Amino acid sequence: MIISWNTTRACNLACEHCYRDAGAKDKEELNTKEALQLLSEIANSGFRILILSGGEPLLRKDIYELIYQTTQLGMRAVLGTNGTLFNEEIVRKLKKAGLARVGISLDSTDAQIHNRFRRHKNAWQKTVQAMRICKQEGLDFQVHTTVTQRNFKEVANITDFVMQLGASAHHIFFLVPTGRGKEISDVFLTNLQIKEVLVAVLNKQKDIPMELKPVCAPQFIPLAKQFNLAIRFTRGCLAGISYCCILPNGDVHPCPYLPLKVGNVRDQKFSQLWKENQVFLRLRSYAYHGRCGSCKESTSCGGCRARAWHTFGDYMAEDPECIFKNSHAVCL
């Protein structure tokens, strides 16, 4: 099981699409004592991978302590970052703390496209340098790309670029209208474009050893079957099933893109929330509505619960961005 913890809303960038609307620090951010207690609760709930993200997690002063404690509890610590603050000293401290891997965001091989999206004139240069430093210092890293109308044609080129830099994986994120992402609907992909990217990614995966993973496009699981492609992932949408998200103030959501508060770790133990909350239990029932409810791939794909929520106000509704032609067969 995997969990994301947005450790802070503080960020040195103001990216156009930020689902957490990051920038200023949350006044109710969990303190170090609360954070360490939360880590124990997460470990006791059976989670094995913890993604420490933000905002920009390097702006949290105790981040190295949190990484160290995560590893001491037997979990794999991963950092989600924009990479612009990296230098040799920071990377060495992250390694010493026990960080297993860092995920760095890069949206184009064209600096202007990336910098426009990240709203920083030197973001691309700093991010690419961060990858070079990670490679130099022996810190494993993967790359995260958010696909839009501006860059979806170059996803394979980005894969080649980051593979040359030494990345272990390339994860391709599909926008969901939440946070600041709601303000840029004009750059969202159409269903046909989503399918085009997924097909390109799966074709690319046939030719390279580096792991490629679409995120927030759960239809890639049944699509991979059509390609006779063996992948290590067995389910598309994990929200509330084997994954959830914790916000800087302790609120718990089924996923970072589904802004539905199911509780707060200050009011109730996380382990109890994860085990007993009715939203989580309903998500684990797979009792979807509409096309997702009658689809034969409902247990392997599951549709995007965040898109269902944003479109219909019902997280169990059908996925409005499904790339398949009907709900009973997977069709190209």
Side-chain angles (χ1 to χ4, degrees), residues 1-13 20 22 25-26 29-106 120 122-144 162-171 210-211 213 245-248 250 256 265 270:
M1 297 197 301
I2 185 170
I3 186 168
S4 294
W5 175 20
N6 299 127
T7 59
T8 185
R9 280 188 68 247
C11 193
N12 61 318
L13 300 184
R20 197 54 67 218
K25 178 181 176 180
D26 193 324
E29 184 176 291
L30 298 178
N31 61 37
T32 301
K33 181 180 178 180
E34 292 172 317
L36 294 174
Q37 291 173 341
L38 174 59
L39 290 177
S40 294
E41 282 287 309
I42 291 171
N44 291 336
S45 299
F47 288 88
R48 291 295 172 260
I49 300 175
L50 172 61
I51 303 170
L52 298 150
S53 64
E56 174 47 59
L58 288 181
L59 293 178
R60 183 160 176 143
K61 294 180 180 180
D62 60 0
I63 192 64
Y64 304 103
E65 182 179 358
L66 300 182
I67 292 169
Y68 176 77
Q69 186 62 22
T70 298
T71 62
Q72 291 300 298
L73 289 166
M75 295 184 288
R76 178 178 168 88
V78 180
L79 194 76
T81 174
N82 60 50
T84 60
L85 300 178
F86 274 42
N87 56 40
E88 286 85 353
E89 180 184 2
I90 285 175
V91 170
R92 290 167 189 161
K93 289 173 68 175
L94 290 171
K95 281 193 67 179
K96 184 177 180 180
L99 188 70
R101 178 178 287 187
V102 58
I104 303 175
S105 299
L106 185 75
H120 190 290
N122 294 318
W124 190 91
Q125 292 81 352
K126 291 177 180 291
T127 296
V128 171
Q129 180 63 14
M131 296 179 199
R132 293 191 172 114
I133 294 172
C134 287
K135 178 66 174 177
Q136 169 191 308
E137 298 296 330
L139 178 60
D140 192 27
F141 73 95
Q142 67 186 49
V143 173
H144 299 162
V162 301
M163 189 163 56
Q164 290 172 3
L165 289 170
S168 295
H170 185 198
H171 289 193
M210 185 175 76
E211 175 188 283
K213 182 188 179 184
C245 177
I246 301 172
L247 275 62
V265 299
F270 172 78

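All values reported here derive from a predicted model rather than from experimental measurement.
A donor-acceptor pair is defined here as one N or O able to donate and one able to accept, closer than 3.5 Å; no such pair exists between the side chain of Glu137 and the backbone of Leu139. Remark: side-chain polar atoms of Glu56 are paired, donor with acceptor, to backbone N or O of Asn82 under 3.5 angstrom. Between the Arg60 side chain and the Thr7 main chain, a donor and an acceptor come within less than 3.5 Å of each other. A distance-only check finds a donor-acceptor pair linking the side chain of Glu34 to the backbone of Asn31 [under 3.5 Å]. Looking at Thr81, its side chain never comes within 3.5 Å of a backbone N or O of Pro57 through a donor-acceptor pair.
To the nearest 0.5 angstrom, Ile133 atom CD1 is 10.0 Å from Lys126 atom NZ. Here the straight-line distance linking atom NE2 of His144 with atom CG of Leu106 works out to 11.5 Å at 0.5 Å rounding. Atoms CZ and NZ, on Arg9 and Lys25 in that order, are 12.5 Å from each other to the nearest 0.5 Å. The distance from atom CE of Met131 to atom CD of Gln164, rounded to the nearest 0.5 Å, is 12.5 Å. Interatomic distance, CD of Glu29 versus OG1 of Thr8, reported as 3.5 Å (0.5 Å rounding). Once rounded to the nearest 0.5 Å, the distance linking CZ of Arg48 with CD1 of Ile2 reads 13.0 Å.
The two atoms that bring Cys11 and Gly55 nearest to each other are CB-CA, 4.1 Å, heavy atoms only. Shortest non-hydrogen contact noted between Leu66 and Ala35 is CD2-CB, 3.7 Å. The minimum heavy-atom distance between Cys245 and Arg20, with the atom names listed, is SG-NH2, 3.8 Å. Heavy atoms only, all atoms of each residue included: Thr32 and Glu65 are closest at CG2-OE1, 3.7 Å. When all heavy atoms of Arg76 and Asp140 are compared, the closest pair comes out as NH2-OD2, 4.3 Å. Taking both residues in full, the closest heavy atoms of Val102 and Phe86 are given as CG2-CZ, 3.8 Å, listed atom of the first, atom of the second, then distance.
Between Leu30 and Trp5, some side-chain heavy-atom pair lies under the 4.5 Å cut-off. In this structure the side chain of Tyr64 reaches within 4.5 angstrom of the side chain of Leu94, judged on heavy atoms. Inter-residue side-chain proximity for Ile3 and Ser45 is flagged as unmet; no heavy-atom pair is nearer than 4.5 Å. Taking the side chain as every heavy atom from C-beta outward, Leu39 and Leu50 approach each other to under 4.5 Å.
Relative orientation of the Phe47 and Phe270 rings is tilted, given thresholds of 30° and 60° on the angle between their planes.
With no hydrogens or angles considered, no side-chain donor-acceptor pair links Ser168 and Glu211 at under 3.5 Å.
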Problem set entry | Trace of the side-chain contact (heavy atoms from CB on, under 4.5 Å) decision for Lys213 with Gln142 | CA-CA 11 Å; Lys213 182 188 179 184; Gln142 67 186 49; over 6 Å; no
For this session: Applying side-chain contact (heavy atoms from CB on, under 4.5 Å), run through Arg132 and Gln129 and close with a yes or a no.
Result: CA-CA 5 Å; Arg132 293 191 172 114; Gln129 180 63 14; 4.1 Å; yes
For this session: With side-chain contact (heavy atoms from CB on, under 4.5 Å) as the test, would you mind laying out the steps for Ile42 and Ile246 before giving the verdict?
Result: CA-CA 10 Å; Ile42 291 171; Ile246 301 172; 3.9 Å; yes
Problem set entry | Leu79 vs Leu58, side-chain contact (heavy atoms from CB on, under 4.5 Å): CA-CA, chis, key distance, verdict | CA-CA 9 Å; Leu79 194 76; Leu58 288 181; 4.1 Å; yes
